[in-house]
Structure formats: structure tokens, C-alpha cells
Participant: 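Before we start, here is the structure in question, set down as C-alpha cells.
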Amino acid sequence: MNAFADKQHLSTREIQALDSAHFLHPFTDFKDLASRGARIITHAQGIYVWDSEGEKMLDAMSGLWCVNVGYARQELADAAYRQMMTLPFYNSFFQTTNLPAVQLAARLAALAPPVGERSFAHVFYSSSGSESNDSNVRMVRRYWDLLGQPERKVIIGRLNAYHGSTMAGASLGGMSGMHAQGDLPIPNIAHIGQPYFFENGLPGETADEFGLRAAGWLEEKILALGPDRVAAFIAEPVQGAGGVIIAPDSYWPEIQRIVDKYGILLISDEVICAFGRVGHWFAYEKFGYQPDLVTFAKAVTSGYIPLGGVMVGNRVAKVLIEQGGEFTHGYTYSGHPVACAVALANLDIMEREQLVQRVKGELGAYLARRFGELSDHPLVGLAETCGFMAGLVLVKNKATRARFHPDAAVGMLCRGHCFNNGLIMRAVGDRMIIAPPLVMTTAEIDEMIRLIRLALNLTQQDLKQKGQL
Ligand code: PXG
């Protein structure tokens with residue numbers, strides 16, 4: 001028994017039994033988890049987490065893509081405490097507001113760079129990425145209604161995209177497993193293919209040729225639906241949950257050309273990519289496109305407390321404000337004072353420690369170099385980074401790029417070796433991905449790369465033993 005379990009007078013097994021008796025986990029096969037027992041994470045510090053058996057693990061996933069400033073930052077706890085003692089809650093529905101929510105909105109507006117004719121002076125708050133994308137659907141439809149084009153309802157997303165787990169979020173996303181449950185997608189959502197060159201590039205096609213072709217699917221879909229019916233296109237700058245899918249350079253400029261040509265709104269879902277993850281406060285800046293709405297959540301508070309929202313660009317804000325009357329949408333916790341106070345303290349840390357600049361500069365380059373070196377491993381078909389997110393593809397044969405059969409569950413095999421050796425890394429099919437805290441040192445990056453290589457070697461050994469290599 002470790003100190004935590006001791007203090008609670010509960011052993012690991014007792015907590016696991018309570019867990020499976022009462023707690024239905026997200027995205028989980030409940031029966032399967034009950035048969036194994038969940039790992040109990042007890043505490044965390046910096047880039048490490050510990051479990052109830054005392055195992056220390058390097059968290060290369062920043063919790064769930066969110067703990068950008070690392071764990072156990074006293075300042076964030078202090079900010080929450082101070083705000084709770086001053087004003088733990090008040091709503092912003094009935095002509096009231098609170099200082100942290102106002103200050104945060106103004107600060108986010110200042111951090112979101114204007115692009116072309118788009119600027120971002122306004123924020124609509126929620127408590128999560130999913131809720132924020134539901135807000136996007138409501139705002140987009142309201143916008144077109146107010147402009148006298150109510151038939152513009154269809155929002156186009158991409159296959160293998162993740163936009164959350166509510167009815168609208170799961171519908172906008174393109175995860176087939178999610179659509180298979182509960183009659184999704186909801187009406188008036190359509191999907192196009194993802195810009196995944198490694199998987200979908202044709203023989204002889206360059207990455208940029210593929211990028212143009214993949215962007216072209218948007219125009220084809222708009223024309224098939226009828227341009228007058230299309231309200232918006234939503235996409236992640238880099239697909240996160242889909243496996244860190246980084247589009248070729250040619251992709252975003254062509255997407256911009258297409259949305260401009262048909263006058264449809266562009267939604268940049270930056271729940272993962274904002275707040276330094278790709279070396280910018282907001283990722284649309286890196287890729288040079290001009291969104292009308294920007295979804296954020298997760299790292300706005302480094303995950304210390306739930307907060308999300310939408311940066312509402314001037315094109316939409318002007319119509320909603322000047323022509324809209326009451327917008328009948330919002331959440332109890334829209335502009336929650338404690339969440340906003342923690343976000344402000346989180347931005348203070350990020351600015352003081354220059355985390356965004358570190359990722360854009362030397363530290364990002366160091367990770368790119370060290371992660372890139374993994375491509376010399378016999379199992380690795382491709383290893384690529386974008387700021388502080390990275391992915392590699394496990395392949396059976398480097399030369400032919402032959403992939404493993406999905407039944408081999410090669411990603412899960414590798415993930416098992418990561419966990420057994422003190423590294424939290426995620427598997428998405430045969431892609432192994434990381435999104436480590438932005439506070440890592442070069443020595444910690446070296447340790448992470450060493451652990452990834454160890455897991456790759458053990459996976460290779462296993463596959464050889466099973467006759468799959
Ligand atoms: N948009 C994007 C781009 C996301 O990555 C959401 C919306 C939804 O956010 P909330 O806060 O409602 O969860 C996300 C969330 C994974 C994984 O397995 C990724 C997310 C959530 C859970 C698991 O990579 N991203």
C-alpha cells in the first residue's frame with residue numbers, strides 16, 4: 001500500500017473495486033475494465049505522474065493534451081483558492097459579469113492575432129471542447145438565419161476528426177466508432193476525407209499534390225451539396241485524437257481559397273493545438289489561414305479546471321451583436337470566475353516562462369530532431385512532429401511501407417511496453433503519438449526518446465516471437 005491508499009485506508013484493489021462498482025469511465029468497455037481494474041493515478045509533479053503502486057511515469061501526453069505548464073504548479077492552486085474565497089461562482093446570464101471572465105476575454109482577444117480581415121475581439125465561454133463545438137453549431141446557424149439564408153445549415157467536417165462527444169461534437173467529428181452508436185451524425189453534417197498523405201497519397205504523388213487533392217474534396221462536397229446549403233467547414237489544424245495527422249503545406253491555403261470562394265465560415269478547432277502546442281498561441285497563425293470561429297479548451301487552464309470557449313471573429317460577432325437580439329444559448333458555467341482566474345494564472349506562467357516561444361524555437365527544434373531520429377528504427381515508417389505534438393507509424397516493412405494487419409493490434413502492443421517501462425504514450429491504430437508538457441527540459445526529452453526506443457525494441461521482439469515480422 002502506498003501513502004495515498006494508506007491515508008484513505010483503502011488498498012489499490014479496494015479502490016479498483018469501488019471504481020468498477022460505481023464509476024462508468026469515458027470511452028471504456030466497462031466489463032473489460034472491471035476485469036482488470038483501473039490504474040489509480042494518485043499524484044503528479046512536473047512531467048511525471050505516480051500510481052497507487054508507487055510507479056512513476058513520464059507523461060508524454062500532458063494528461064489528455066492539456067497540462068501544458070506541467071503538474072503541481074502552486075500558482076494555479078493559489079489562483080483558484082483566492083478566487084473561491086472572493087467569488088466562487090456567479091452566473092453571467094442576467095446582465096451580470098465577473099472580473100476574471102472579463103479580463104480573460106480581453107486577454108485572449110489580445111493573444112489571437114488578426115489575419116486578413118478577420119480579428120477576434122469576442123469570446124463565448126463554455127466548460128469543454130464539446131460544448132464549445134455545440135456553441136459553434138448554434139452560432140453558425142444563427143449567423144446564416146440572421147443574414148436571411150436559413151437554408152445554409154450544413155457543416156462539413158472530416159473523417160477521423162475529433163470534435164468532442166456531445167451529439168453535435170460527435171457528429172462534427174468523423175470517428176466511425178462514435179457514429180455507429182446513437183444515430184449519429186445528426187442531420188445537416190457532412191464529411192470529407194482527411195489529409196493523411198502517408199495513408200492516402202497515391203504512388204508517385206508528392207505531398208503537396210496530395211494536399212491540393214485532399215483540399216479539393218471540400219470543393220467537391222460543397223458542389224455536391226449545393227453551395228447555398230453549406231454553412232461552415234470545421235477542422236483541427238493538426239488532427240490530434242485521430243493520430244497527429246499533419247496536413248501537407250499546400251492544404252490550408254487551398255482550403256482558404258475554397259471557403260472564400262463559396263463564402264462559407266471556417267471553424268478552427270484548436271482544443272488541442274492552441275496555447276503553445278504548435279508554437280503559437282493560436283494554431284491558425286502557424287498555418288496561415290483565416291478562421292471565423294476558433295474553438296479552445298484544455299490548455300487554456302492547463303487542464304487544472306474545466307474551461308472552454310469559442311473565439312468569435314468579427315464577421316460573425318458583428319452580425320450576432322448588431323442584428324441578433326437575444327442569443328438563446330449558454331451554460332451555467334459560461335464565464336466561471338474560478339476557471340477564468342486559473343486560466344489567467346496559467347497564461348501568466350506561459351508568458352513568464354516563454355513556453356510558446358520555446359516550442360517555436362530551440363526546444364521545438366530539439367524535439368523535432370530527437371523524435372525524427374526514431375525513423376531509423378526498423379519498425380518506424382514515418383516519424384514527424386509539429387511543435388510539441390508528434391506521431392510515428394509502425395510498419396512491417398520500411399522499404400515497401402507495408403502496414404500491420406489491424407488484428408495484430410501493434411499500437412496497443414507498443415503502448416503496453418511504454419506503460420510497463422514508465423512512459424505514457426498513446427496508440428491510435430498503428431500510430432504512436434505524444435504531446436508532452438511544454439515545460440520539458442532537453443534532458444527530459446532525451447529520457448522520453450530513450451523510453452520510446454526501448455518500447456519499439458520490445459515491440460519488435462514480440463512481433464518476431466509471434467512470427468509477425
Ligand atoms: N475538439 C478537439 C480537437 C479535441 O481534441 C474536443 C474537441 C472535445 O473536448 P472535450 O473537452 O469536450 O473533451 C477535443 C478533445 C484522445 C482524446 O483520445 C482527445 C480528446 C478528448 C478525449 C480523448 O486523444 N480531445
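One-based numbering, in listed order, for ligands and for the atoms of each.
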Participant: Which ligand 1 atoms does G129 reach within 4.0 Å, using its non-hydrogen atoms?
Facilitator: 8 (C), 9 (O), 10 (P), 11 (O), 12 (O)
Participant: Run the numbers for me: atoms of ligand 1, each under 4.0 Å from some heavy atom of I272, listed by number.
Facilitator: 5 (O)
Participant: Below 4.0 Å, non-hydrogen atoms only: which portion of L64 touches ligand 1? Side chain, backbone, both or neither.
Facilitator: side chain
Participant: In the protein, what heavy atom is nearest to atom 2 (C) of ligand 1, and what distance, to one decimal place, separates them?
Facilitator: Y162 O, 3.3 Å
Participant: Please name the pair of heavy atoms, one in I267 and one in V140, separated by the smallest distance, quoted to 0.1 Å.
Facilitator: CD1-CG2, 3.9 Å
Participant: Name the closest protein heavy atom to atom 7 (C) of ligand 1, giving the residue it belongs to and the distance to 0.1 Å.
Facilitator: H163 C, 3.4 Å
Participant: Using distance alone, with no hydrogens and no angle criterion, decide if N346 and T301 have a side-chain donor and acceptor under 3.5 Å apart.
Facilitator: no
Participant: Within ligand 1, which atoms have a heavy atom of S130 less than 4.0 Å away?
Facilitator: 8 (C), 9 (O), 10 (P), 12 (O)
Participant: Would you say the side-chain atoms of N314 and R118 include a donor-acceptor pair closer than 3.5 Å?
Facilitator: no
Participant: Under a 4.0 Å heavy-atom limit, does W65 contact ligand 1 with its side chain, its backbone, both, or neither?
Facilitator: side chain
Participant: May I have the step-by-step check of ring-ring contact (aromatic ring centres under 6.0 Å, His included) for F275 and F282, ending in yes or no?
Facilitator: CA-CA 6 Å; F275 304 108; F282 289 97; 5.5 Å; yes
Participant: In terms of atom number and element, which parts of ligand 1 are under 4.0 angstrom from non-hydrogen atoms of A241?
Facilitator: 16 (C), 19 (C), 24 (O)
Participant: Determine, using ring centers only, whether H417 and F419 are less than 6.0 Å apart.
Facilitator: no
Participant: Considering M61, K298, R426 one by one, which has a heavy atom nearer to atom 21 (C) of ligand 1 than any of the others?
Facilitator: K298
Participant: In terms of atom number and element, which parts of ligand 1 are under 4.0 angstrom from non-hydrogen atoms of D269?
Facilitator: 1 (N), 2 (C), 3 (C), 7 (C)
Participant: For E199, is there an ion pair with R403 - N to carboxylate O distance below 4.0 angstrom?
Facilitator: yes
Participant: Check each atom of ligand 1 against the heavy atoms of S128 and keep those under 4.0 Å away; list them by number with element.
Facilitator: 11 (O), 12 (O)
Participant: Counting only heavy atoms from other residues, nucleotides and ligands, does the tally under 6.0 Å from CG of D32 exceed 12?
Facilitator: yes
Participant: Could R369 and F371 be counted as a cation-pi pair, given that NZ or CZ must be under 6.0 Å from the ring centre and within 45° of the axis?
Facilitator: no
Participant: With a cut-off of 4.0 Å, which atoms of ligand 1 are near a heavy atom of E236?
Facilitator: 3 (C)
